[in-house]
2 protein chains.
Amino acid sequence: MSNTVPMPPAAIRYADSELSFGVLRKSIGFRLRRVQLAVMAEAIATLAPLGLRPAQFSVLVLIDANPDLPQSKLSAALGIRRPNFVAMLHELESRGLTRRCISSGDRRINTLALTAEGQRLLRRANELHEAYESRLNERLSARERADLARLLAKLE
Amino acid sequence: MSNTVPMPPAAIRYADSELSFGVLRKSIGFRLRRVQLAVMAEAIATLAPLGLRPAQFSVLVLIDANPDLPQSKLSAALGIRRPNFVAMLHELESRGLTRRCISSGDRRINTLALTAEGQRLLRRANELHEAYESRLNERLSARERADLARLLAKLE
DNA sequence: TATTGTTATACTCTATAACTATA
DNA sequence: TATAGTTATAGAGTATAACAATA
């Protein structure tokens with residue numbers, strides 16, 4: 001009879017390994033989120049020694065790659081709302097990494113640039129970021145890297 | 001001479017399309033984040049008609065898939081800190097979707113279950129989620145879907 | 001009238017310390 | 001003493017409305 005074989009206590013039945021994720025197991029959205037969180041945690045740890053968060057790093061990269069970039073173009077490109085971007089820029093500026101200049105053509109526009117110190121910090125951050133990407137890429141072959149980039153582009 | 005060909009004003013030079021993402025263009029971490037945000041936005045919109053956010057949906061799925069699951073096992077499985085999970089559960093419970101029962105074996109443990117109404121809502125949510133996943137999968141072939149799942153698993 | 005940058009503000013998510021009740 | 005659930009709280013991140021300066 002079944003009552004001669006008692007269920008083990010819940011705490012033992014549900015060791016982490018034997019838990020079911022149901023329909024989430026095959027969900028692209030769910031898997032994508034889990035991977036992104038794991039990868040992001042590595043990015044945060046990678047840049048932390050420089051006192052940079054990933055979002056700040058991306059701002060420095062885009063300022064460096066696009067001379068005299070208007071502030072609103074940058075925030076739009078990174079999907080940051082204008083009001084939220086003001087505080088971000090203020091922090092970078094107060095650390096002496098970036099500069100805002102009123103555009104000579106249109107006095108409503110702030111164009112952005114890196115200071116010499118901002119350029120130095122970005123060089124160091126680029127080295128850390130390169131090593132971080134290499135660590136991610138080590139888990140994939142060259143072919144897999146290209147495949148992943150292509151597949152991600154199809155979903156975006 | 002170069003000064004006979006003046007630069008166009010910044011606002012025109014930096015139309016969104018011609019902006020450079022520098023080293024971020026090939027960054028797996030950066031691309032993964034962008035795609036995840038886009039896909040997550042669709043998930044939020046998909047479940048919104050039921051008043052469910054993706055995180056709440058995942059909680060309902062795991063409670064349904066794991067009978068008498070202890071509360072802390074569930075929060076750990078989803079990467080939600082125990083203190084933050086309390087408020088989440090409280091909201092689901094106040095909406096009559098979930099139930100907490102003190103475990104008979106260990107009175108410190110809350111085991112979780114769906115109410116009849118929680119089961120009904122989950123059925124509807126599963127339909128919406130299925131359609132959402134189908135929309136994502138439409139952008140990929142069967143082969144590409146399998147490849148993506150495999151590549152994401154390698155990065156996690 | 002429209003746009004850029006800004007302020008103020010609020011809501012969600014996430015993180016930690018410390019309490020309680022049980023074991 | 002250790003663990004599960006809880007409370008309180010603080011910090012990011014993100015969202016909108018409204019204002020000043022400029023076009």
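Chain naming here is simple, since letters A, B, ... match the order of the sequence lines and numbering starts at 1 in each.
Within the 4.0 Å cut-off from OP1 or OP2 of dT16(D), not a single side-chain nitrogen or oxygen of R82(A) is found.
Taking the side chain as every heavy atom from C-beta outward, L69(B) and T111(B) never approach each other to under 4.5 Å. Counting only heavy atoms from C-beta outward, the side chains of L121(B) and R95(B) approach each other to under 4.5 Å. With contacts defined as side-chain heavy-atom distances shorter than 4.5 Å, the pair V39(B)/I28(A) does not qualify.
Summary of the strand contacts: S104(B) and N84(B) both lie near DNA chain C, and taking for each the nucleotide with the nearest heavy atom, the more 5' one is attributed to N84(B). Nearest-nucleotide assignment on DNA chain C puts the 5′-proximal partner with P83(A), out of P83(A) and A55(B).
For R150(B) and E144(A), the salt-bridge test passes: some basic side-chain N is under 4.0 Å from an acidic carboxylate O.
One atom, CG of N110(A), and another, P of dA20(D), lie 18 Å apart when rounded to the nearest Å. Atoms CZ (R81(B)) and C1' (dA10(D)) sit 14 Å apart, rounded to a whole Å.
The side chain of S72(A) lies closest to dG5(C) when the candidates are dT22(D), dG5(C), dA4(D). Of the candidates dG5(C), dG5(D), dA12(D), the closest approach to any side-chain atom of R53(A) belongs to dA12(D). The side chain of Q71(A) lies closest to dT6(C), out of dT14(D), dT6(C), dT6(D). Of the candidates dA2(D), dA21(D), dT6(D), the closest approach to any side-chain atom of R108(B) belongs to dA2(D).
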